[in-house]
Amino acid sequence: MLDRTHAGFRCHTRQLLRTVLGDLPRGSRGTVAYEMDNLGRHLILVHWDQGFSVPVFPDEVEVYSAPRGSNRAPSTGDLSELAPHIRVSAPERDSGNFSALTD
């Protein structure tokens, strides 16, 4: 089954990767096409900026952002930055009668 949740996200290699179509030096950049499970392994197909597409394992790349102007939801790592900061004082919390204050 193909998972296109991260399709269009940019990524880069964490180390040198030797592929059947050529070497990808550390820091090589590409765009995720889709993710899939094959023979019990999770793979990510990436369209590399070098002009070819090869699958890689998730621990070989770092997926870091959606394309600019995309309507895609942020990754879970980005959600904390988007959530409002909620402050509740101790007396309010202990009384059970409080309203969250936002920055």
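Note that CD of E35 is 11.0 Å distant from CZ of R4, once rounded to the nearest 0.5 Å. One finds the CZ atom of R26 at 11.0 Å from the CG atom of L16 (value rounded to the nearest 0.5 Å). The line from CG of D23 to OG1 of T13 is 10.5 Å long, rounded to the nearest 0.5 Å. With values rounded to the nearest 0.5 angstrom, Q15 atom CD is found 10.5 Å from L24 atom CG. Distance check: H47 NE2 to Y34 OH gives 7.5 Å after rounding to the nearest 0.5 Å. Rounding to the nearest 0.5 Å places CG of D3 at 12.5 Å from CG of L43.
Under the side-chain hydrogen bond (donor to acceptor under 3.5 Å, both in side chains) rule, D49 has a single partner from R29, R10, H12, which is R10.
Smallest separation of non-hydrogen atoms from I44 and P58: CD1-CA, 3.9 Å. Across A33 and A7, no two heavy atoms sit closer than the pair O-CB, 3.3 Å. V61 approaches R14 most closely through the heavy-atom pair O-NE, 3.4 Å.
Within the 4.5 Å cutoff, the side chain of W48 has no heavy atoms near those of the L21 side chain.
Transitive grouping of hydrophobic side chains (ILVMFWY, heavy atoms separated by less than 4.5 Å) keeps F57 and V20 in distinct clusters.
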